[in-house]
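For this chain, numbers begin at 1 and follow the sequence in order. When reading the values below, keep in mind they use all heavy atoms of this one structure, side chains included, and skip hydrogens, waters and symmetry mates.
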Amino acid sequence: MNIVIVESPAKAKTINKYLGASYEVLASFGHVRDLPAKNGSVDPDANFQMIWEVDPKAAGRLNDIAKALKGADRLILATDPDREGEAISWHVLEVMKEKRALKDQKIERVVFNAITKQAVTDAMKAPRQIDGALVDAYMARRALDYLVGFTLSPVLWRKLPGARSAGRVQSVALRLVCDRELEIEKFVPREYWSLVATLTTPRGDTFEARLVGADGKKIQRLDIGSGAEAEDLKKAIEAANFTVTTVEAKPARRNPQAPFTTSTLQQEASRKLGFAPAHTMRIAQRLYEGIDIGGETTGLITYMRTDGVQIDGSAITQARKVIGEDYGNAYVPDAPRQYQTKAKNAQEAHEAIRPTDLSRRPTEMRRRLDTDQAKLYELIWIRTIASQMESAELERTTVDIAAKAGSRVLDLRASGQVIKFDGFLALYQEGKDDDGDDEDSRRLPAMSAGEALKRQDLAVTQHFTEPPPRFSEASLVKRMEELGIGRPSTYASILQVLKDRGYVKLEKKRLHGEDKGRVVVAFLENFFARYVEYDFTAALEEQLDRISNNEISWQQVLKDFWVGFAGAVSDIKDLRVSEVLDALDDMLGPHIYPPRGDGGDVRQCPTCGTGKLNLKAGKFGAFVGCSNYPECRYTRPLAADSEASADRVLGKDPETDLDVTVKAGRFGPYIQLGEQKDYAEGEKPKRAGIPKNMSPGDMELELALKLLSLPREIGKHPETGEPITAGLGRFGPFVRHEKTYASLEAGDEVFDIGLNRAVTLIAEKIAKGPSGRRFGADPGKPLGEHPSLGGVAVKNGRYGAYVTAGGVNATIPSDKTPDTITLAEAIALIDERAAKGGGKPKRGAKKAAAKKAAPKKAAAKAADPDAPKPAKKAAAKKAAAKPKSEAISKARAPVASAAKTSAAKPATAPKTPAKKSAGKARG
C-alpha cells in the first residue's frame, strides 16, 4: 500500500479515485504544527532554535496517518507545490519520525500543478526529496514573523494602550494606506483652466482640439492658473482663424497581457468583479480542487499561488486551436507567445494560472458552477486565451492646428486613434484602477495640412487639482508587488488582518486608514522607523528569497535582523507613555486638529476655553482630551464622525414605497424599512443588521434591500424536499435546512449562493457529527423499525457506511451500498452484531422498550395491585443488608479521602485524578 498525503479532504477523495486501490490518500487539513503563541518558541540565544507544537485539531489526523503507515511500502508527500506546501510535508514527516511510525518505507515528495488525472499520474512518475532550502525559507519567515510579533506587540501594549498588534509586513502595508491619508490631508488644491474648441472640417465633421501653446510658448496642463488668463485666451480664440498645420499618423501595436499570476488575478478580479483578494483566493481554491465532470472530479484551473507567467506548451497549443476555431486564423499569431516574469525574484515561479482544459468554455461551465465561481473561471479563461492572440494594430493620429488672431498665434492639438485590427481586444482589455478621460482613444475625421477649419464651440472650464486617490485593494496589492513587499500567498491575508483589527476600513471600494491604524504607524515611524521602511522590508524579502535558492544561511539572516531589532526595542523600554504620546501628538497634529472655521487656536478646549487639547491614551485606545483634566473632562475621538449618529435615508423600497433608512442603535448601526407609524399596532418595523465587515457609510439602497430580504429561500433539498434558506445571524452568514445550520465561508455570498453549494455545506456540516451540529447528531437515513431496538437508520461514519438501531452499529458489507440496503438486510446485520456482543442498547432505546412494555405492566398491576414495585424491592433489600447511616458514611469516605490526598500534594500537582475519584464516589 502507498500512503499519499495532501492538504484538503476534497483533494484526497479526487486523487484517490485517480490512483486506484493500491493508494490510500489522506488529508492533513493544512498545517499540522506551529510555534506556540507564547514567549520562548524561538530562541535567538540558541541559534534560533524553534519549539513546534502539534495543533490539537491535527492530532487525530496525524494518528490516522501513523496507523495507515503500518505495513505501507511508501509515504508520498503530495502537498501544494509552493513553500507552504513544502513546509507542511516537512512537518508531517517530522511528526511521523517522532511517533516512530516510519520503518522501511520509502519517502517521496511529488508536486502537481493541476488536479487532473494526467497531471497527478505524471507527478507520481517523477518523485523527489523534500526541498531543504524551501523549508529553511519557511522557517526563516515564520521565525521573523514570530520575533517581530512577540517582541513588538507587548511594547505597543505598554506604550500605546488600546493598540492591538504589529507585524513585519502588515505594518508596512498599513503605512502605505496611512501615508496616503497624510498626503490627502496635506494636499492643497490648485486652480487651473482648460480651453477646448469644437472645430468643423470642410466636410462637416466635428472634433475637439485643446489649447497647447500661445505666442510661441507651450502651455502645460496647470499653466493657465486664473480666470483672467483664461478670459484673455478665450477672446483670442474667438477672434481667430483656424488652419491645419500638420497631420501625423503613426502605426502602433498593442500586445496582450501575460496570463494571470496571483497578484494580477487579485487585482483584475477586484477591478472587474468587485471581489476582495481573500474572496478571490477562496473561489480560486475551489476551482483548483475541481468539480464533478462525467463522474470524475476534475480541477478546473492550475495552482493559484504563483509568480510565474509562462504556461505549459500543450496549453499553448490548445489555446491556439481554440482561437482559430472561435475567431479565425487571422487572430492566431505566427509563433506562440512566451512571457517572462517581472516580479522581484519570483521564488514561486510555477506555471501561470490558467484553465486545465481550454476547451471547457465559460458558457459550458456556467451551469456547473456557482455565480462567483463562474465569473472567476470566465476571467481566467479569457485572460489565458487573449494572452495567445494576435496583437491589436492601431493608427495614432496627431493633428496640429494654428489659430491666428491678428498678431497672435495660438496652437491647438487634437489626438486620436483608430483600431485597424482588433486582435486580442476582440476578447479582452485589462481594467484600470483609476479611470480617466482618454483623449487618445477618440477617433478623428479625415484632414490634411493647409485645410481651413471653422470654430463651432469653445469650452472654457475651471478645474482644481485633486489629491491622490486612496488605495483600492487592487491598487494596494499592485503597489506592494512593485515595492517587493510580501509575496503572492500573503497579499490577501495581509489585507484581511488590517481590516479585522480595525486599522483600515473599506468604503466605496477604497481603503481608509482608521485612527487606530494611524496611531500605530505614527508610533512605528517615530521609534522603529527602519522596520517600516519600504526599502528595508523589500531587501529583507530578497534575503528570504535567497534562502529558498540555497544561497545564504537562514540563521545568518535572522542574526543580522535580530541584533538591530532587539537594540531598537531596548532603546524604547525606558520611555514614559507621556513622551510617546507627545511625539505622536506632534506627528498626527494635522489629522487630529484640523483648521477651525473661525481661524482660532485648533488646540483650544471648546468646553473650558483655557485648556489645551492633546493626545491621551485609555484602555480602548488613543483619544483627545483637555489639559485641565480632571477639572475639565472634555474628550473626543481623534477624528469625530458626525455621520455616525445621524439617520440616513437611502431611498424608497420599490415594493412598499417605504423609506429605507440606516439608523444608529444601542448595539450598532442597522437598516430599517419605514417607521413605526407605517405599521399596524403591535407590529414592529422590519430591520436588518449591518454585517461587521461593512460600514454604514458604504451602505447603498440596493445592498440594504438585499439585507432586508433575508432570510431567503434558496430552494428545496433534493432528498427531503424541505426548504434551504440563507440568512445572517450573530456569527455571520449561514444556510439552514431543518435544524442544521452551516456557516458560510467569507467567500460565499449570502445573497446569491446556489442550491448545489448550499446542499454541499449542509452535507459537510452533518458529516462532522455531534460536534459540528447545533441540534444533535446526524439522524441518518431511516429504513424502518427493528422488532425490539426501535428505529433503523443508515449513517456515514469515519470508517464508512453502517446501519444502526438502539445503539448497536453494524458495518455495511462491501457488496451492498447505503442506497440499496433493505430493512430486512439491515436488521439481520444488526442482530448478528448484537449476538457477538457488539454494542449495548442506548439509554433512549431502554426508555423506548420500557414505554413499549408499559401497557403489559399496567395490566399486571391491575391483576395484582398489592404486588411490590421493583424499586421498592431493591430498596428493601438494600436496607436489610446494612444500616442507612453506615451506608451514607461509607459512601462519603472516599470523597474526604480524595480531598485529603489532594491537599497533601504540592500546588503544582494535577487535580484531575482527585476529581475523578470524587466523581466515582458520588456516583
Side-chain angles (χ1 to χ4, degrees), residues 183-254 392-420 429 432-469:
E183 286 180 67
I184 293 168
E185 287 163 2
K186 290 181 176 179
F187 181 80
V188 178
R190 179 177 169 183
E191 179 187 9
Y192 69 100
W193 293 74
S194 66
L195 288 88
V196 179
T198 302
L199 304 175
T200 308
T201 68
R203 289 157 296 282
D205 299 320
T206 60
F207 66 97
E208 291 182 348
R210 180 179 293 274
L211 180 67
V212 295
D215 307 318
K217 293 181 180 178
K218 288 184 178 180
I219 294 177
Q220 303 292 339
R221 176 170 168 263
L222 303 177
D223 286 352
I224 307 172
S226 68
E229 291 176 77
E231 185 63 28
D232 177 57
L233 292 165
K234 175 188 176 186
K235 289 176 181 177
I237 292 174
E238 287 177 337
N241 295 315
F242 302 88
T243 307
V244 176
T245 55
T246 61
V247 178
E248 186 179 19
K250 290 183 178 179
R253 288 171 68 86
R254 186 184 297 178
E393 294 178 9
L394 315 171
E395 185 177 81
R396 291 191 178 131
T397 305
T398 304
V399 179
D400 287 325
I401 300 151
K404 294 182 180 179
S407 62
R408 298 190 72 179
V409 178
L410 296 92
D411 302 316
L412 289 86
R413 178 169 293 162
S415 301
Q417 71 180 17
V418 177
I419 298 174
K420 296 287 189 179
Q429 190 160 354
K432 295 180 180 179
D433 291 315
D434 302 298
D435 294 326
D437 185 23
D438 186 2
E439 292 184 359
D440 289 340
S441 65
R442 297 171 182 169
R443 185 165 187 163
L444 296 177
M447 286 175 276
S448 58
E451 278 190 337
L453 305 170
K454 290 184 179 180
R455 180 179 59 82
Q456 187 181 84
D457 195 12
L458 178 62
V460 182
T461 311
Q462 182 188 32
H463 307 273
F464 291 93
T465 54
E466 294 182 352

In Å, rounded to the nearest 0.5 Å, how long is the span from CG of D411 to CG of L211? 8.0 Å
Determine the minimum heavy-atom distance between G416 and L444, stating which atoms define it. N-CD1, 3.7 Å
Please find the pair of heavy atoms, one from G225 and one from E229, that lie closest to each other, and give the distance. N-OE2, 3.4 Å
Between R254 and Q429, is there a side-chain heavy-atom distance shorter than 4.5 Å? yes
Any chance you could measure R210, atom CZ, to S194, atom OG, to the nearest 0.5 Å? 5.0 Å
Quick one: closest heavy-atom pair of P467 and F187, and the distance? N-CE2, 3.4 Å
Between T397 and A249, which heavy-atom pair has the shortest distance, and what is it? OG1-CB, 4.0 Å
Suppose the criterion is salt bridge (Lys or Arg N to Asp or Glu O under 4.0 Å): which pairs have a residue in residues 187-198, not counting sequence neighbours? none
Under the criterion side-chain contact (heavy atoms from CB on, under 4.5 Å), I'd like the reasoning laid out for E451 against T243: C-alpha separation, chi angles, the key distance, then a yes or no. CA-CA 6 Å; E451 278 190 337; T243 307; over 6 Å; no
If you define the side chain from C-beta out and look only at heavy atoms, does anything of K218 sit under 4.5 Å from V212? no
Say you draw a straight line from CZ of R443 to CG of D205; how long is it, rounded to the nearest 0.5 Å? 11.0 Å
Measuring from atom CG of L233 to atom CH2 of W193, what distance do you get when rounded to the nearest 0.5 angstrom? 11.5 Å
V196 vs T461 side-chain heavy atoms within contact, under 4.5 Å: no
R455 side chain near L199 side chain, heavy-atom distance below 4.5 Å: yes
Report the residues that fulfil ring pair (Phe, Tyr, Trp, His ring centres under 6.0 Å) with F207, sequence neighbours left out, ordered by chain and then residue number. none
V244 to M447 - nearest heavy-atom pair and separation: CG2-SD, 4.3 Å
Output yes when a side-chain donor or acceptor of T245 lies under 3.5 Å from a complementary backbone atom of D400, and no otherwise. yes
Rounded to the nearest 0.5 Å, how far apart are CG of L458 and CD of E208? 11.0 Å
For E238, all residues meeting side chain to side chain donor-acceptor pair (under 3.5 Å), sequence neighbours excluded: none
dist Y192:OH -> Q462:CD (nearest 0.5 Å) comes out at 10.5 Å
Does a side-chain N-to-carboxylate-O contact under 4.0 Å join K250 and E395? no
For A449 and V247, the nearest pair of non-hydrogen atoms, with its separation, is N-CG2, 4.2 Å
Donor-acceptor under 3.5 Å (R203 side chain, A446 main chain): yes
